[in-house]
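Notes follow once the structure below has been shown.
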There are 2 protein chains.
Amino acid sequence: MDRRVTKKDDDTSGTERPTLKTLAFMTGLGVTTVSRALKDAPEIGAETRRRVQLVAKQIGYRPNRAGVRLRTGKTNVISLVLNTEHEIMSFVSDIIYGVTEVIADTPYHLIVTPYSRSQDPLDPVRYLVETGSADGVIISRTQPNDPRARYMLERGIPFATHGRTDMGLVHPYHDFDNYAFAGEAVRSLAGKGRNRLALVTPPVGLTYYGHTVNGFADALSDVGASEVPFNTVSIDHTIEQIRMRTAQLMRRDNRPDGIVSSSAAATLAVVAGIEDAGLKLGRDVDVVSKQSSELLHLFRRELLVVNENFRLAGSELARAVLGWIGGADPGSLQSLSTPSEVLPYRG
Amino acid sequence: MDRRVTKKDDDTSGTERPTLKTLAFMTGLGVTTVSRALKDAPEIGAETRRRVQLVAKQIGYRPNRAGVRLRTGKTNVISLVLNTEHEIMSFVSDIIYGVTEVIADTPYHLIVTPYSRSQDPLDPVRYLVETGSADGVIISRTQPNDPRARYMLERGIPFATHGRTDMGLVHPYHDFDNYAFAGEAVRSLAGKGRNRLALVTPPVGLTYYGHTVNGFADALSDVGASEVPFNTVSIDHTIEQIRMRTAQLMRRDNRPDGIVSSSAAATLAVVAGIEDAGLKLGRDVDVVSKQSSELLHLFRRELLVVNENFRLAGSELARAVLGWIGGADPGSLQSLSTPSEVLPYRG
DNA sequence: TTGGCAATCTGTAACGTTTCAGTATATTGG
DNA sequence: CCAATATACTGAAACGTTACAGATTGCCAA
């Protein structure tokens, strides 16, 4: 029995990154006391607390994330789960910026967890939960009956969805009011005398597909316009597909005189298709489109646009997850963003 | 002296996440042996190794990241440092997708570290290094004399830059050959009989500003064309600014008959400005633009485009950092991407 | 038989943090 | 004055991993 002394003595040189032990040595207190003083525990004397916090600030102490995480299980990580194959002209960066804005003055880090089309969307979520890699998760491409949301609810891990679910379960979300968007779009087209309208839908299967389709249909019957079915594409299709199918559509006898498009990228293709068919935007047909950056009016000033702010979505989603992590009631962390008016080109 | 036994006994129920201790219990081996068997250490018997690895796979053992990180300092994290204010119509998502593609089958996670215009760009890098939050870093908006690169070289942390530096220091990078791009653009405009050319530059101060300007200038003298100075904007300016200044430029007597643009978003504004001045693209002036997605030809088919692949950039950057972390020679981890030809609209 | 030496395997300490169960000292009630 | 109690602090254990320093076994040469 040799009791060798290998334990590293307190580092007095100050060159290493400071730890609680460093602080304890400097203040002459025990590690426990320091730990508690830093988190304002009640059983620490007021002066001691101030002293410790002062020294900590002075030497730039920052808790070691691995230490905290190992001991407490708290990762201080939010994961944004992304499909890496959809959405050209991507709003993803905006969401990311929105999220980072909110977590900037928190201890949280943002990790991006990708999955590809071939994978089960549940895979990345399962990975995160099983490995305990995040305190909170943000998912998008939300479905009415979303297995990921169900799974995370079961496992009790805080999350927020971009888009709503429809399972009778309550959880935080942020959504753009696509029902209102489609309705406003239809009404503004009707206001221009258009009455045979087509819709370029969101991806079938996602919740906001339903919202959009319903908003479109309800407004149609409101204004007494009729629908020209255009079910062969959604905004998940490629530019080329949308363009070709739009051209086909516009060459038919019963072509629409108004089109509502759920994404800016799709709109570019739609307009190209319209022009392929020899028609003119604004004369033969009007198009209302969502956009997330102010670019469509540069493209064709005849376009009518509605703005969707994805940076805001990112911020709201981050706030929602952090709120849930912080113990707030999930039901109170739901927000719906109202579309702007339908905007024509302004000089 | 009470020697209380609080230590948690081995969990035999199997409901918790398996650790090395779980594996040790199941195999009847010591924790050390299991740890070594899993990483193919030489002093472990062949059969034991196989047995441990089999069991580990069966029960889905995954090393606890916090444990590893605390013990070894290895974070298994790559950080992408981003400016959250520049670059509308952002290529950022493509870079992210490229990075995630490469790290997908590694133990690495990607964290996004933002900084805003108001901050010193060195701040986030310093934070990462000081807190040891990442094993490798990717930065963009690289400058000829880049304090971030210098700092990370001093501190010995592996990184890769999107864009080159010019400090006589060697480090991994990926860059698009903007010298070649500008040159090709000028030559193709000259081929169309254009000989008074203007350039919408990258942000002044970034390395590729110089590359682009030089490529432009050298090619101009090659083909015997002249430059129409247009120094009042760069692609960092807002859409409105670029549009307005372009319109001003195009109303002058000595207006250019050809323009080279360093970004797709800027090009939208440039074209709008051209049209504001009552001129017609393709007739009065030709424009060559870089683009990162195939959208510009939908915008105006008269545009000439050169494609820059940011997903590839992301992949290359990730490969570079991982390579450096893996001990490869930094000088061997540099890549330059050659521009595509200048492409006209193809039906 | 013994000593030496590979070949395998193991216990313990340590990374930095939080929490449990104390301890020491001062304060109060009776 | 003594016991009970509040106040302010502390050591040790534990989270899961790896590395150091041994320990055990079998085999072979001397």
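Chain A is the first sequence line, chain B the second, and so forth, proteins listed ahead of strands; every chain is numbered from 1.
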Specify the separation, in whole Å, of atom [atom1] of [X] and atom [atom2] of [N].
| X | N | atom1 | atom2 | answer |
| --- | --- | --- | --- | --- |
| B:Arg69 | C:dC15 | CZ | P | 17 Å |
| B:Lys74 | C:dG16 | NZ | P | 19 Å |
| B:Glu16 | D:dG16 | CD | C1' | 13 Å |
| B:Leu23 | D:dT18 | CG | P | 12 Å |
| A:Leu29 | D:dT7 | CG | P | 19 Å |
| B:Lys21 | C:dT10 | NZ | C1' | 15 Å |
| A:Leu20 | C:dA14 | CG | C1' | 16 Å |
| B:Tyr61 | D:dT17 | OH | C1' | 7 Å |

Result block: side-chain N/O donor-acceptor pairs under 3.5 angstrom for residues 146-153 of chain A, not counting sequence neighbours:
unit_1, atom_1, unit_2, atom_2, d
A:Asp146, OD1, A:Arg148, N, 2.9
A:Asp146, OD1, A:Arg148, NE, 3.0
A:Asp146, OD1, A:Ala149, N, 3.4
A:Asp146, OD2, A:Gln143, N, 2.9
A:Asp146, OD2, A:Arg148, NH2, 2.8
A:Arg148, NH1, A:Ser140, O, 3.1
A:Arg148, NH2, A:Ser140, O, 2.9
A:Arg148, NH2, A:Arg141, O, 3.0
A:Arg150, NH2, A:Asn145, OD1, 3.0

Closest nucleotide among [options] to the [X] side chain:
| X | options | value |
| --- | --- | --- |
| A:Arg71 | C:dT19, D:dT18, D:dC9 | C:dT19 |
| A:Asn64 | C:dT17, C:dA13, D:dC15 | C:dT17 |
| B:Pro63 | C:dG16, D:dT17, D:dC9 | D:dT17 |
| A:Val31 | C:dT18, D:dT17, D:dT10 | C:dT18 |

Steps toward salt bridge (charged side-chain N to carboxylate O under 4.0 Å, His left out) verdict (B:Arg50, B:Glu47): CA-CA 5 Å; B:Arg50 269 186 291 109; B:Glu47 194 205 309; 5.9 Å; no
The helix from C:dT1-D:dA30 to C:dG30-D:dC1: angle between terminal helix axes, five bp per end, to the nearest 10 degrees, reads 60°
Quick one: does any side-chain atom of [X] pair with a main-chain N or O of [Y] as donor and acceptor, under 3.5 Å?
| X | Y | result |
| --- | --- | --- |
| A:Thr142 | A:His162 | yes |
| B:Arg36 | B:Glu43 | no |
| A:Arg155 | A:Glu130 | no |

Which side-chain N or O atoms in residues 120-127 of chain A pair as donor and acceptor under 3.5 Å with protein atoms at least two apart or in another chain?
unit_1, atom_1, unit_2, atom_2, d
A:Asp120, OD1, A:Leu122, N, 2.9
A:Asp123, OD1, A:Arg126, NH1, 3.1
A:Tyr127, OH, B:His109, NE2, 2.8

So A:Thr32, base contact, sugar-phosphate only, or nothing? Heavy-atom distance under 4.0 Å. base
What nucleic acid atoms does A:Gly30 come within less than 4.0 Å of, heavy atoms only: base, sugar-phosphate, or nothing? sugar-phosphate
Report the C-alpha separation of A:Ile325 and A:Ile78 in whole Å, then their side-chain angles, then the decisive distance to 0.1 Å, and conclude whether the side-chain contact (heavy atoms from CB on, under 4.5 Å) test is met. CA-CA 10 Å; A:Ile325 292 174; A:Ile78 302 289; 3.8 Å; yes
Can you sort out the partners of A:Arg65 under salt bridge (Lys or Arg N to Asp or Glu O under 4.0 Å), two or more places apart, ordered by chain and number? none
DNA chain D-proximal residues of residues 33-59 of chain B, any heavy atom under 4.0 Å: B:Ser35, B:Arg36, B:Lys39
Test: ring pair (Phe, Tyr, Trp, His ring centres under 6.0 Å). Region: residues 313-333 of chain B. Which pairs qualify, not counting sequence neighbours? B:Phe159-B:Trp324
